[in-house]
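Note sheet for the following structure.
Proteins get letters first, then strands, A, B, ... in listed order; numbering begins at 1 in each.
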There are 2 protein chains.
Amino acid sequence: MDDDVPLILTLDDSGSSTSAPLDDLDREELPNENGGSYDVINDASSPAAGDGCAQQSSTRHNWEMNYQEAAIYLQEGENNDKFFTHPKNAKALAAYLFAHNHLFYLMELSTALLLLLLSLCEAPAVPMFRLGIFVHATLELFALIVVVFELSMKMRWLGFQTFIRHKRTMVKTCVLFVQFIEAIVVLVRQTSHVRITRALRCIFLVDCRYCGAVRRNLRQIFQSLPPFIDILLLLLFFMVIFAILGFYLFSPNHSDPYFNTLENSLVNLFVLLTTSNFPDVMMPSYARNPWSCVFFIVYLSIELYFIMNLLLAVVFDTFNDIEKRKFKSLLLHKRTAIQHAYRLLITKQRPSGISFKHFEGLLRFYKPRMCARERYLTFKALNQSNTPLVSLKDFYNFYEVVGLKWKAKRNREHWFDDLPRTAFLIFKGINILVKSRVFQYTMYTVVAVNGIWILVETFMLQGGNFFSRNVPWSYIVFLTIYGVELLLKTTGLGPVEYLSSGWNLFDFSVTLFAFLGLMALAFNMEPFYFIVVLRPLQLLRLFKLKKRYRNVLDTMFELFPRMASLGLTLLIFYYCFAIVGMEFFAGVVYPNCCNTSTVADSYRWVNHTVGNKTIVEEGYYYLNNFDNILNSFVTLFELTVVNDWYIIMEGVTSQTTHWSRLYFMIFYIVTMVVMTIIVAFILDAFVFRMNYTRKNQDSEEDNGIVLEKEISKEEVVGVIELYKRTSPATETAQLQKIVLQMDKYGQMSMLFLGRRSRTKSDLSMKMYEEEIQEWYEEHSRKEESQMQLQEPASASNSSLKPLSLRQRSQTV
Amino acid sequence: MDDDVPLILTLDDSGSSTSAPLDDLDREELPNENGGSYDVINDASSPAAGDGCAQQSSTRHNWEMNYQEAAIYLQEGENNDKFFTHPKNAKALAAYLFAHNHLFYLMELSTALLLLLLSLCEAPAVPMFRLGIFVHATLELFALIVVVFELSMKMRWLGFQTFIRHKRTMVKTCVLFVQFIEAIVVLVRQTSHVRITRALRCIFLVDCRYCGAVRRNLRQIFQSLPPFIDILLLLLFFMVIFAILGFYLFSPNHSDPYFNTLENSLVNLFVLLTTSNFPDVMMPSYARNPWSCVFFIVYLSIELYFIMNLLLAVVFDTFNDIEKRKFKSLLLHKRTAIQHAYRLLITKQRPSGISFKHFEGLLRFYKPRMCARERYLTFKALNQSNTPLVSLKDFYNFYEVVGLKWKAKRNREHWFDDLPRTAFLIFKGINILVKSRVFQYTMYTVVAVNGIWILVETFMLQGGNFFSRNVPWSYIVFLTIYGVELLLKTTGLGPVEYLSSGWNLFDFSVTLFAFLGLMALAFNMEPFYFIVVLRPLQLLRLFKLKKRYRNVLDTMFELFPRMASLGLTLLIFYYCFAIVGMEFFAGVVYPNCCNTSTVADSYRWVNHTVGNKTIVEEGYYYLNNFDNILNSFVTLFELTVVNDWYIIMEGVTSQTTHWSRLYFMIFYIVTMVVMTIIVAFILDAFVFRMNYTRKNQDSEEDNGIVLEKEISKEEVVGVIELYKRTSPATETAQLQKIVLQMDKYGQMSMLFLGRRSRTKSDLSMKMYEEEIQEWYEEHSRKEESQMQLQEPASASNSSLKPLSLRQRSQTV
């Protein structure tokens, strides 16, 4: 393990013990103010106080450590990791670095997935994936050992104290322990016992670095719970009142099976809450006395139409509030991270800002993949004062700027500008054609006609066996038109520009699929036939026509990551319930299983033979079982949709005990929570977006964040000089190319465009613009008061002074 | 009709033709500044420019007209009536006054209700209410003639020009015309034809003055429609795509009845949108190939969980926006109304404000029921500058202040302060006891125990015939405790204070009901038994314990009027659909009617005789019919709840044509709109309220709007003097009483408290505080620019100068 420590040692040629315990404000570096606007690049690399070589390398080593620590601070700020998990010494740093790279993350993820997927092969297994008990138990043990290794790395990085204080990690450790014992027990006994604890395996997935969004969702769900539970109690309270009332009112009616006992009354009113049994539950009493419908109307009005909406309102409100608070705390956390990093990068001699040399050093650790050109452009973009130093105020924009992708702004407008005259004119013509409104609307018309055609065609087709038919000519015609359009657009706009628009990409892929479908059809490859039915997707292009749809679809794409993470969260809940369901209800439901229950019809499976015809009466509900994990997922989805869920519940209940209902009711409430949160999230996101659009109605079309920076030849040469002294030549290759290009076109400077897509955070920044200033002020006031409290203890230290790595590495 | 004109003539002793065409700024009235802070009361009543009696009465007449017109402006402002419907001459004014009082409103309402209720007795009538065709047609004609009378009054008031420009009135006239002809046709033919137009009768109700809230709701619904329809199209578009896809995928499976034709495919996916047929529609294909569940999961995820929520989001957003715009326009409208009224009340000599004399004159018309004391207090409350005049700025608060209920602030704290010493001490003790926390929590405990007791008791009771049993002792015990509590509270707090709290009122009525229930039980009056089952409502008191519940319940009570109007709006839609349903589907559904359809089971009604037992198999769905209006309403409610609605649809469809489905689908979409709006409304109201609470967390408990004003003896005497000269002695009786009371206690002044409950408008005022200032500025800027445009035409007139009644009355 100690092999991985080096990053800090390899850069240090004189060993970690050489440097004196220097505070970051005591750096032995003197100002180097010998003029020249870009000499700043060279300032720190040549110690002005003419010391020996050892001194220089020591300074350099210190700097490298500072760069690394600053980069770690910035990463922590970005990932919203609390600073108390900051590595405290060299060993911890090594572990930190080991545990913070994509290989490690992938290992984490794959172990977690392996553990989760094991349930495909365990006891009530999916037939296809069934494995021997020895095989899957060994696999499980292996995965658990990997988790142990991961946890030990984490402990090394956090230290024992922090490790046991970190709640999530502790829970994970406990779960790991239990799983380990159980896996060994299974291996020894060679049979599986009731392992409900398998439901806890999800925590390994939740704890993955890549599942941060899921963790955030879960946190949000738990934070929304208290008000949710309050309203839920109100709901249940009314349910109990109505159950008692219903029992008194309807139990004298002996043909009413729904209210004959208080328990039935309660259960049926719970189901009525989901409307699943609605007109049926009312019918026996309604048949006897028409006015009894009042009871049900009042119940539904209060419970379903009022309190359930209230639930949504309360969750939505909490959600809104949490979102804003989260944004605020994240913003302030990032700000603190930037302050920590800033303190590590300024020199004693020049405390007013960071020079490029140090900024570059930081970026080397923070974003190793960034090339020299981009690093310099980022520095330029941050530096708004035109001095050679980036001040703290400028540095606050670090996160907004560092994500930009830089590209030289081309003078050429089209890709064919360099072609010979004739070709240029042809392509220019195509370009104008393709961009014209007439062309666009013609295409819309074609798409609309195609849509109607498909509809009519399908309508005429019904009953016929359409699989064996030839390729319809209309299909070929429309496909040809789309093909020509695609060709024209690609040539007219150039492939790069064409594919840079999401809509064009969509057109392209749909046309491609349709073409593949045609091929499949021509060669009679049936499995590919489903591609043909994707044809109607072309019609989606029509939605470009209206602004609201563009807005909706854009928002949809923006929301997609969040939606996916919410879906994953839901799946995690599904997994837990599926495991529990499998342990208790696997195999209890089968055809004709529930003939004594009230839902017998739905489970019936009869083979009549009337005359010489066999009539099969199928209730099909026996298919909704917990026999393996895939079936369980489908069953749980059906429970989520809620309609007729009580048939599944009653079927299982009739085969087990009536306590089984608890499982289904709890599942209903849990999905209600998650679904309410999903609705609240969609509501929030769209309302936010629409408010934003309304606020910025006058501003131009939304193209993401764009920044423009000009750099002159001298600057580039200066940067190359700097790199030559410290780094291998490969780094400067791109910079050299820029110089060559400038020479070729005889330019003295070159324009670069930085671009990135707009995130929710950018929108929030704009929405809360005014409040943000208040937050900052409040934040700095708090810090000042904290500083004053610390003053007596350490009068000379700034409150922003981070715990320096180096100081502590000395003590180890 | 001309008999009703006088209000303006009776007050005018010299006839309407005597007064010169006076502009409201040219009033012949001179200042009367002979000192004395309350002489202002006398200023205008004695024309200082020593003219004759005729002159005086002319001035008085002019003033009366001004008061009346100002009062009308203020009413228009309050009711959000547009100013172009302002009565333009004396005749119009008479009609206006005739059409604007509660008697007329009640007539409007009762005619509308009569017309609506006729459908209880017409053709497919409720058996109990069946009337001969001659009777109900005559009743209808009578009601229609009353409507004609109402409309003619309206025409008289609005004038022909405005009348035909007013859309709602025009629609009403057309409907009236059609209904008239149809009623005559029915009378002549003596049989009813297909009268779908009866559905339009709702417009008579909607047009009632008392149904303003319903009109507002309808307007809001129509305003929310465009974005709603956009998203609906998106929904339908995906539905069509999936229908085609489903048809291709599942029609080869011959055991799948849901996708065998494109029409079936579409209908079933529409029903699936409501989840009503969910696991069933999937089952045949799922049984064949487990992976086909993906189709359904994707469809439901897109349509149900995404687009449907999007629908809510869009409606919610539009709703929010409309609410704010509505609030803004209402606010500005009120402001303009106040400006108009103000112009009519100031004198040329004192253009800086309104004196009490004129203010009192206004209030006499605006709120005839107000007593002299309250008028003076309202004036004092408005007047914040302590000068004898109310400036325009103060007058802007008119609507906020005029609703206050004034009460003298008592020096006595408790009702028993005047009692002899011993009695005082006893009651004081009770008072302290009742207000103590211990007492409150004891009562909560009792209620909780009672709740558990009821639950356990009911649980033990099951199966027994509980109607014939004796009164359970527990019931008597708990009722005694509640009775004692009620008694203690009433004596300790005094009946007035006790009943002024909503919660106490609730306790009181529940206890009273429970007592009545006990009586009913004791005397074996079964019909009253239902009161006994109201017992659990006592448990609602427990919700006082938690702040969130108090908030929720308070908001619920605040929302109640709006909710009721939304419910009424929904009922109006129900009515329209019920009429259409009755015309087309009355009598088509009966037991065993649909044996050929897929939903035959639900309509089956069979009498087996197995051995000596008769087994009745009832599907009951034949009860969900359109055989009369009450049945239709219940059926429509079931359709609103959505679950299993397709059984009703398919039942009706199997007996008629498959075009009947359109009726059900359109109904579904309409209720979806209304329900979404209801959800949006509840969401909006609660989120608004919670934001408000969050904003005002530090402020004290919400007790409505309270204002405190002190008036001195001199003032009261001054006011009495003023009244003595102009009005009968009865008006001053209360004021005299105040003077007597002051003399008795030897006070020189008396404190009064004005109180009213907080309305949504007050909350909005506070929420939009900052924006409101902007709106005002923008508004006055707009007015100024309008004034500048008008300048050339009428240089001397202020833009705020309303069209004076008097001027126009001269020309008639």
Side-chain angles (χ1 to χ4, degrees), chain A residues 227 230 234 237 240-241 244-245 247-249 252 261-262 275-276 278-280 283-284 286-287 293 297 300 305-306 309-310 312-314 316-317 454-455 458-459 462 467 533 536-537 539 543 546 548-549 552 618 620-621 623-624 630 634 637-638 641-644 678-679 682-683 686-687 690, chain B residues 227 230 234 237 240-241 244-245 247-249 252 261-262 275-276 278-280 283-284 286-287 290 293 297 300 305-306 309-310 312-314 316-317 454-455 458-459 462 467 533 536-537 539 543 546 548-549 552 618 620-621 623-624 634 637-638 641-644 678-679 682-683 686-687 690:
Chain A
D230 284 345
L234 197 68
F237 174 75
V240 171
I241 287 187
I244 294 174
L245 200 60
F247 172 68
Y248 276 114
L249 287 175
T261 66
L262 190 60
T275 75
S276 251
F278 175 51
D280 306 282
M283 282 301 147
Y286 184 58
C293 67
I297 291 175
L300 283 174
Y305 295 121
F306 188 76
N309 289 333
L310 191 59
L312 179 62
V314 168
F316 177 64
D317 182 63
I454 292 172
L455 207 64
T458 316
F459 194 75
Q462 46 188 272
F467 272 102
V533 287
L537 280 186
L539 302 185
F543 287 103
K546 191 149 185 172
R548 191 187 308 279
Y549 291 128
V552 163
E618 276 201 87
Y620 290 119
Y621 271 77
L623 289 170
N624 305 323
L630 294 183
V634 174
F637 180 76
E638 285 167 17
V641 175
V642 166
N643 191 64
D644 282 352
I678 290 182
V679 175
I682 295 181
L683 264 181
F686 269 88
V687 170
M690 280 181 262
Chain B
D230 284 344
L234 196 70
F237 174 76
V240 170
I241 287 186
I244 295 173
L245 200 60
F247 172 67
Y248 277 113
L249 287 175
T261 66
L262 189 61
T275 74
S276 249
F278 175 53
D280 306 281
M283 281 302 146
Y286 183 57
C293 68
I297 291 174
L300 283 174
Y305 295 121
F306 187 75
N309 290 333
L310 190 59
L312 179 62
V314 168
F316 177 63
D317 182 64
I454 292 172
L455 207 64
T458 315
F459 194 75
Q462 46 188 273
F467 272 103
V533 287
L537 280 185
L539 303 186
F543 286 103
K546 189 148 186 174
R548 192 187 307 280
Y549 292 127
V552 163
E618 276 203 85
Y620 290 119
Y621 271 77
L623 289 170
N624 305 323
V634 175
F637 180 76
E638 285 168 16
V641 175
V642 165
N643 191 64
D644 281 351
I678 290 182
V679 176
I682 295 180
L683 265 182
F686 269 88
V687 171
M690 280 182 263

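Ranking A:Asp644, A:Leu683, A:Leu630 against chain B, the residue ahead of the rest is A:Leu683, based on heavy-atom pairs under 4.5 Å. No other option in B:Ile682, B:Val641, B:Ile678 has as many heavy-atom pairs under 4.5 Å with chain A as B:Val641. Ranked by heavy-atom pairs shorter than 4.5 Å toward chain A, the options B:Ile297, B:Val642, B:Leu455, B:Asn624 are led by B:Ile297.
Panel note: side chain A:Tyr621, backbone B:Met283; no donor-acceptor pair is recorded below 3.5 Å. Without hydrogens or angle criteria, A:Asn309 side chain to B:Val679 main chain gives no donor-acceptor distance under 3.5 Å.
Nearest heavy-atom pair, A:Val687 versus B:Ala313, reported as atom, atom and distance to 0.1 Å: CG2-O, 4.1 Å. For the residue pair A:Pro252 and A:Phe247, the shortest heavy atom distance occurs at CD-O, 4.3 Å.
For A:Val314, the parts lying near chain B are the backbone and the side chain together; criterion is any non-hydrogen pair under 4.5 Å. Contacts between B:Pro290 and chain A at a heavy-atom distance below 4.5 Å are absent for every atom of the residue. Contacts of A:Phe237 with chain B are made by side-chain atoms alone, with heavy-atom separations under 4.5 Å and no backbone atom involved. In this structure, chain B has heavy atoms under 4.5 Å from both the backbone and the side chain of A:Tyr305. Only the side chain of A:Leu300 comes within contact range of chain B, judged by heavy atoms closer than 4.5 Å.
By the 4.5 Å heavy-atom criterion applied to side chains, B:Asp317 and A:Phe686 are not counted as neighbours.
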Open item on the list: B:Tyr620 vs A:Asp280, test: side-chain contact (heavy atoms from CB on, under 4.5 Å). Steps then yes/no.
Closed with: CA-CA 8 Å; B:Tyr620 290 119; A:Asp280 306 282; over 6 Å; no
